[in-house]
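Below you'll find the structure, written out as structure tokens, and then a few comments.
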There are 2 protein chains.
Amino acid sequence: MHSPTELAQIFREKQLKLTPQRQLLFGLLHENNAHPSAENLFEVASKQMPGISLRTVYQTLGELAEMGELQLVDVGDGAKRFDPNMGEHHHFVCESCGSIHDVEISSTPKIRGEGAGYEVNEVGVVFHGKCTRCSAATKRSPGHQAKKQVARTK
Amino acid sequence: MHSPTELAQIFREKQLKLTPQRQLLFGLLHENNAHPSAENLFEVASKQMPGISLRTVYQTLGELAEMGELQLVDVGDGAKRFDPNMGEHHHFVCESCGSIHDVEISSTPKIRGEGAGYEVNEVGVVFHGKCTRCSAATKRSPGHQAKKQVARTK
DNA sequence: TTGTTAGTTAGCAAGACTTGCAAATTAGAA
DNA sequence: TTCTAATTTGCAAGTCTTGCTAACTAACAA
Ligand SMILES: [Mn+2]
Ligand SMILES: [Mn+2]
Ligand SMILES: [Zn+2]
Ligand SMILES: [Zn+2]
């Protein structure tokens, strides 16, 4: 999506230094479409850069969001999710395994009735249900519950 | 919505004692359509029942939710909201004043494309924007920002 | 290359919301 | 009135996130 040179450009324009931490996180995020939490990214980042701080992950992701390089997604599970997909889309959350998937809907829902005059700037749609894999697993063995993914493993 | 007798019935059926705390909270919630947080309700309840515990508010609201007497709403502002309106509806959040309004949309959004096969159990739609009052105020005095409502006043 | 400095990172404390726990209290039945 | 299981409280603790600041460093100029 962005070449190393472009990346440098992007940061320079905003008077942001091109630090190793930023480069790493920027890269990790853009190759991750699983809607990771800060903690998730911290774990991955730590492998390539032992010692990186969770605080820096929050800091950097916050900046990238302000720069319009990523979206914050809230699917109601406690932790904010970071999404490099800036296109207009919505989310499906599997209630069995917790996985989060991009989905498109036929058209952005419109408010009807009294509230129709509200000035709408953003529409968030979150579907909850079972992903294909879990749905199939449930039919196969109804009692079974797939282990749920959680943001923090500790 | 519920007469005192019905209320007693509802609780008895579930082997729940009809305590003063439960009666109060049940009543306060059903006359409150502002989507209060636990803290909000705690403040109101405290006036009529000084000494009531915030813990009890959480406890009771959780039970009522399990009983299907109210919905939990997450509009992404940190605190869970409690909603006595069990009808199918969605929410509009004013980004200026924080007020939350019920809205109806033309039809429940449907997933399109690859994800169309997901087993959907719940659809949450949250609109963010400016409520009628704030929208008008902004046009009147563009620089002005209405003071935002917050859950916790402390 | 070296010096300078504004911007950045790391670490830790603390804030916000919520839940776990156990002792004290009480509704409801006998 | 007595008894007991359910409930309420108060407080500690858990989870996610942000505030603060000392130590560090990328970027620029000399
Ligand atoms: Mn997405
Ligand atoms: Mn509502
Ligand atoms: Zn799943
Ligand atoms: Zn408003």
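Below, chain A is the first sequence line, B the second, and so on; all start at residue 1. Just so you know, these numbers come straight off a predicted model, no measurement behind them.
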Compare every heavy atom of A/Leu29 with every heavy atom of A/Pro36, then report the nearest pair and how far apart it is. CG-CD1, 4.2 Å
With a 4.0 Å cutoff (strictly under), does any side-chain N or O of B/Tyr58 reach OP1 or OP2 of C/dT19? no
Please assess B/Asn32 against B/Phe82 for the test side-chain contact (heavy atoms from CB on, under 4.5 Å), listing each intermediate value before the final yes or no. CA-CA 9 Å; B/Asn32 186 331; B/Phe82 299 91; over 6 Å; no
Proximity to the side chain of A/Pro20 - top-ranked nucleotide from D/dA26, C/dT19, D/dA6: D/dA26
Touch check for A/Thr19, heavy atoms < 4.0 angstrom, all strands: base, sugar-phosphate only, or nothing? sugar-phosphate
Whole-Å distance separating the CD atom of B/Gln59 from the P atom of C/dC21: 13 Å
Can you see whether B/Glu63 engages B/Gln59 through a side-chain donor-acceptor pair at a distance of less than 3.5 angstrom? yes
Separation of D/dT8 atom C1' from B/Leu24 atom CG, nearest Å, is 14 Å
Whole angstroms only, please: what is the CD1-P distance between A/Ile52 and C/dT8? 14 Å
Is A/Gln21 close enough to C/dA10 that one of its side-chain N or O atoms is under 4.0 Å from OP1 or OP2 there? yes
Map A/Val57 and B/Arg12 onto DNA chain C by nearest heavy atom, then report which one ends up closer to the 5' terminus. A/Val57
Rounded to whole angstrom units, what separation is found between the CD atom of B/Gln9 and the C1' atom of C/dG28? 15 Å
Heavy atoms from C-beta onward define the side chain here; which of C/dA27, C/dT18, D/dT9 lies closest to that of B/Lys17? C/dA27
Rounded to whole Å, NZ of B/Lys14 lies from P of C/dG28 at a distance of 17 Å
Nearest-angstrom distance from the residue atom CD of A/Glu13 to C1' of C/dG7: 18 Å
A/His91-A/His101 aromatic ring centre distance below 6.0 Å: no
For the pair made of NZ in B/Lys80 and C1' in D/dT15, what is the distance, rounded to whole Å? 12 Å
Identify which nucleotide among C/dA10, D/dT17, C/dT18 has an atom closest to any side-chain atom of B/Ala38, counting heavy atoms from C-beta outward. C/dT18
Base, sugar-phosphate alone, or nothing: which one does A/Gly62 contact when heavy atoms must sit under 4.0 Å apart? nothing
Report the nucleotide, chosen from C/dG11, D/dT17, C/dT19, that has the shortest atom-to-atom distance to any side-chain atom of A/Ser53. C/dG11
Nearest-angstrom distance from the residue atom CG of A/Leu64 to P of C/dT8: 12 Å
Is it true that A/Asp102 and A/Asn33 share a donor-acceptor pair across their side chains at a distance under 3.5 Å? no
Tell me which nucleotide among C/dC17, D/dT17, C/dC21 gets nearest to the side chain of B/Arg55. C/dC21
Regarding C/dG7, can its base be found pairing with the side chain of A/Arg22 as donor and acceptor, where the two atoms are less than 3.5 Å apart? no
